[in-house]
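Here's the structure, in structure tokens; my notes come after.
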2 protein chains.
Amino acid sequence: MDQTLRDRWLAEADRTLSRAGRRAGAARTAIVELLASDGQCLLTAQELLDRLPHGSPSSVYRTLDELFALGLVHRLNAHDGVARYEIADPLRHHHHFIDVGTGTPTPFTDEALERAIQAVARRLGVQLSGHDVVIRGRKILDETES
Amino acid sequence: MDQTLRDRWLAEADRTLSRAGRRAGAARTAIVELLASDGQCLLTAQELLDRLPHGSPSSVYRTLDELFALGLVHRLNAHDGVARYEIADPLRHHHHFIDVGTGTPTPFTDEALERAIQAVARRLGVQLSGHDVVIRGRKILDETES
DNA sequence: TTATATGCAAAAGCTTTGCATGGGT
DNA sequence: ACCCATGCAAAGCTTTTGCATATAA
């Protein structure tokens, strides 16, 4: 399990937020912990809100903005125009496959893809600050599975 | 110049729309022609509206939805959450570099990147229906330029 | 002639902001 | 004590929808 990874990001988040002069209220604490939960990928503000015992839309949006501004979360605007967030951890760097049938996102990593992106940036004379790759399609079901 | 490319897409668009039972009104015609103009990349509905002599928000959004549903345009949700459209032409396939300073998008193509994406899809067992790559950063200005 | 396109106005949804109150440090 | 966080309510924006009218085929 990557309990360790989760705690590392939580610690990092707390440290970064403190240094920025932010204080830990109930809403922020709950949001940060939710984002760090295992298997969480591309959560919307609404989804976070639904899972919070307490918390108002404004707290959620404000906290997410804060986290995004500090580089603690990634923000991805999906095809439906709704912003989705996930923790930004170098050790969990990944991209997403979106099933066009269900809309479900699946994370994946690929070394060759990363190298290709670095190469493009070099060729274009760009100092990279971030990159997103989204691939859309349908899972091929062959006889060997399900 | 790629006048030829433009006309090819325009013809294709008209044909596809007709086959879908759509009719060519003033608004749609203007929108389609604007999209096909040279150098147009990632236009917002608002930008289109501003450049239309006539046309209402509803016509613009409805036409863009129609074009998107028929696969005639790509829709990209930028970081600001506003949808941007550009014509979908296999011969103009490209991705985008977004300058984090100005927000300006610059199109680019890269063969190695395309191959990497195809390889990922194969590895994941995914039949690709589309993919987007966005790289964000800052242009490096060295002594040899500007 | 008949189904579709258009435009206006109203509504819907996500997100932001103002402000008074509560709470962290 | 001071300043930040929170929550409510209201506002802002982009986008969608209902409906009457105009228009393409």
Side-chain angles (χ1 to χ4, degrees), chain A residues 10-11 13-35 42-70 72-86 103, chain B residues 10-11 13-35 42-70 72-86 103:
Chain A
L10 278 173
D14 275 345
R15 189 150 32 86
T16 304
L17 285 160
S18 297
R19 269 196 302 229
R22 304 273 95 99
R23 297 173 185 178
R28 191 198 87 179
T29 303
I31 291 167
V32 164
E33 301 221 325
L34 253 181
L35 286 169
L42 298 181
L43 292 168
T44 65
Q46 190 56 56
E47 285 165 346
L48 282 166
L49 198 48
D50 291 344
R51 302 181 196 181
L52 288 174
H54 301 294
S56 60
S58 39
S59 313
V60 173
Y61 283 109
R62 270 193 289 239
T63 300
L64 289 172
D65 279 356
E66 198 72 55
L67 294 172
F68 180 66
L70 293 170
L72 290 166
V73 298
H74 290 304
R75 167 153 62 191
L76 203 69
N77 274 80
H79 247 168
D80 59 359
V82 180
R84 283 155 208 275
Y85 300 83
E86 63 186 13
Chain B
L10 278 173
D14 274 345
R15 190 151 31 86
T16 305
L17 286 160
S18 296
R19 269 196 303 230
R22 303 275 93 99
R23 298 171 185 179
R28 191 198 88 179
T29 303
I31 292 167
V32 164
E33 301 222 322
L34 253 180
L35 286 169
L42 297 182
L43 292 167
T44 66
Q46 189 57 56
E47 286 165 346
L48 282 165
L49 197 48
D50 291 344
R51 301 181 196 182
L52 287 175
H54 301 294
S56 58
S58 39
S59 313
V60 173
Y61 284 108
R62 270 191 289 237
T63 299
L64 289 172
D65 279 355
E66 198 72 54
L67 294 172
F68 180 66
L70 293 169
L72 290 166
V73 298
H74 290 304
R75 169 153 61 190
L76 202 69
N77 274 81
H79 246 173
D80 59 359
V82 180
R84 284 156 208 275
Y85 300 84
E86 63 185 15

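Here the structure is a predicted model, which means the values were calculated and not measured. The sequence lines fix the lettering, A, B, ..., with proteins before strands; numbering per chain opens at 1.
The CD-P distance, from Glu47(B) to dT14(D), rounds to 11 Å in whole Å. One can place CG of Asp80(A) at 14 Å from C1' of dT16(D), the figure rounded to the nearest angstrom. In this structure, Asp14(A) atom CG and dG24(C) atom P are separated by 14 Å, rounded to whole Å. One interatomic measurement links the two molecules: CG of Asn77(B) to C1' of dT15(C), which rounds to 14 Å at whole-angstrom precision. Straight-line distance from the NE2 atom of His79(B) to the C1' atom of dT14(D): 18 Å, rounded to whole Å. Between the CG atom of Leu52(B) and the C1' atom of dA5(C) there is a distance of 15 Å, rounded to whole Å. Summarising the geometry, the separation between CZ on Arg28(B) and P on dT23(D) is reported as 16 Å, rounded to the nearest angstrom.
Within residues 15-26 of chain B, the residues approaching DNA chain D are Arg23(B), Ala24(B), by heavy-atom distance under 4.0 Å. In the region residues 56-70 of chain B, proximity to DNA chain D at under 4.0 angstrom, judged on heavy atoms, holds for Ser58(B), Tyr61(B), Arg62(B), Asp65(B).
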Next item on the list: Verify salt bridge (charged side-chain N to carboxylate O under 4.0 Å, His left out) between Asp14(A) and Arg19(A), making sure each step is shown before the conclusion.
Entry: CA-CA 9 Å; Asp14(A) 275 345; Arg19(A) 269 196 302 229; over 6 Å; no
Margin query: Between Leu17(B) and Leu72(B), does the side chain to side chain contact (heavy atoms under 4.5 Å, CB included) criterion hold? Intermediate values first, please.
Written below: CA-CA 9 Å; Leu17(B) 286 160; Leu72(B) 290 166; 4.2 Å; yes
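Between the axis at the start and the axis at the end of the helix from dT1(C)-dA25(D) to dT25(C)-dA1(D) there is an angle of 40°, using five pairs per end and rounding to 10 degrees.
In this structure, Ile31(B) and Ser59(B) approach most closely via the heavy-atom pair CD1-O, 4.0 Å. Scanning all heavy atoms of the two residues, the minimum distance from Val60(B) to Leu49(B) falls at CG2-CD1, 3.7 Å. The two residues Asp80(B) and Val82(B) have their closest heavy-atom pair at OD1-N, 3.1 Å. The two residues Thr29(A) and Ala24(A) make their nearest non-hydrogen contact at OG1-CB, 4.1 Å.
Within the 4.5 Å cutoff, no side-chain heavy atoms of Leu76(A) are placed close to those of Asn77(B). For the pair Arg28(B) and Arg22(B), the minimum side-chain heavy-atom distance is below 4.5 Å.
Interatomic distance, Glu86(B) CD to Leu42(B) CG, rounded to the nearest 0.5 Å: 4.5 Å.
In this structure, Arg75(B) is not positioned above the aromatic face of Tyr85(B) in the sense of NZ or CZ being under 6.0 Å from the six-membered ring centre and within 45° of the axis.
A donor-acceptor contact shorter than 3.5 Å is absent between the side chain of Glu33(B) and the backbone of Ala30(B).
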